[in-house]
Amino acid sequence: MFGTFRLILALMVVQSHFGGGALGGPVAVFGFFCLSGYLMTKIVNESYSDGLSGYLRFLGNRALRIYPAYYAPVVFAAGVLLLWPIEAQTAAGWYRLP
């Protein structure tokens, strides 16, 4: 059920971008926010509602879900800079290690 709803919302956003800025885009984004809020509240209440241990388990699961997707491009970019620094500098002047 939520998958179909999300598909409709995504199609509304695409139509808004390519069709000339109709009202459907902002309404669809608001729908995504509402759906995400509902699902997050439902998951927290059902799976992580046992006090501090549930809260720590929630934070651990969120970190395992978010940080690998964040650190993978960071490691890739650092590898490119270390292996091909001149090409990286030529491709983007701001692309350098701190």
Side-chain angles (χ1 to χ4, degrees):
M1 178 174 115
F2 288 124
T4 304
F5 185 56
R6 287 175 38 199
L7 174 65
I8 292 169
L9 292 174
L11 290 174
M12 288 172 65
V13 170
V14 169
Q15 187 275 333
S16 174
H17 282 289
F18 290 115
L23 182 63
V27 170
V29 171
F30 180 73
F32 275 117
F33 279 123
C34 291
L35 181 61
S36 296
Y38 168 75
L39 291 175
M40 287 295 294
T41 303
K42 182 177 184 245
I43 289 169
V44 167
N45 282 333
E46 289 178 357
S47 303
Y48 304 108
S49 62
D50 54 344
L52 181 61
S53 66
Y55 178 69
L56 294 176
R57 219 171 53 247
F58 170 76
L59 288 179
N61 286 339
R62 290 294 290 173
L64 288 173
R65 180 176 224 178
I66 293 171
Y67 287 124
Y70 171 74
Y71 284 122
V74 170
V75 169
F76 176 77
V80 167
L81 284 171
L82 292 172
L83 295 173
W84 303 286
I86 295 170
E87 290 82 358
Q89 193 74 28
T90 303
W94 51 267
Y95 197 52
R96 62 177 68 97
L97 287 173

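Values in this document were obtained by computation on a predicted structure and should not be read as measured data.
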Enquirer: Could you give the distance from CG (L35) to CE (M40), rounded to the nearest 0.5 Å?
Expert: 12.0 Å
Enquirer: Looking at residues at least two apart in the chain, or sitting in another chain, which of them share a side-chain contact (heavy atoms from CB on, under 4.5 Å) with D50?
Expert: S53, R57
Enquirer: I'd like to know if W84 and L81 are part of one continuous hydrophobic network [Ile/Leu/Val/Met/Phe/Trp/Tyr, side-chain heavy atoms within less than 4.5 Å].
Expert: yes
Enquirer: Hydrophobic cluster membership, with links at side-chain heavy-atom distances under 4.5 Å among I/L/V/M/F/W/Y: are L39 and F33 in one?
Expert: yes
Enquirer: Which ILVMFWY residues are connected to L11, directly or by a chain of links, through side-chain heavy atoms under 4.5 Å apart?
Expert: L7
Enquirer: Testing the basics here: between G31 and L9, what is the closest heavy-atom pair and its distance to 0.1 Å?
Expert: C-CD1, 3.8 Å
Enquirer: Who pairs with V27 by side-chain contact (heavy atoms from CB on, under 4.5 Å), at least two apart in sequence or on another chain?
Expert: M12, L23
Enquirer: Can I get a per-line list of side-chain donor-acceptor pairs under 3.5 Å for residues 62-70, giving both atom names and the distance, sequence neighbours left out?
Expert:
none

Enquirer: I'd like to check the side-chain contact (heavy atoms from CB on, under 4.5 Å) partners of Y38; sequence neighbours left out, ordered by chain and number.
Expert: F2, K42
Enquirer: Which heavy atom of G25 sits nearest to which heavy atom of V13, and what is that distance?
Expert: O-CG2, 4.2 Å
Enquirer: Could you list the residues that satisfy side-chain hydrogen bond (donor to acceptor under 3.5 Å, both in side chains) with Y48, not counting sequence neighbours?
Expert: N61
Enquirer: Shared ILVMFWY cluster between F76 and L83, side chains joined below 4.5 angstrom?
Expert: yes
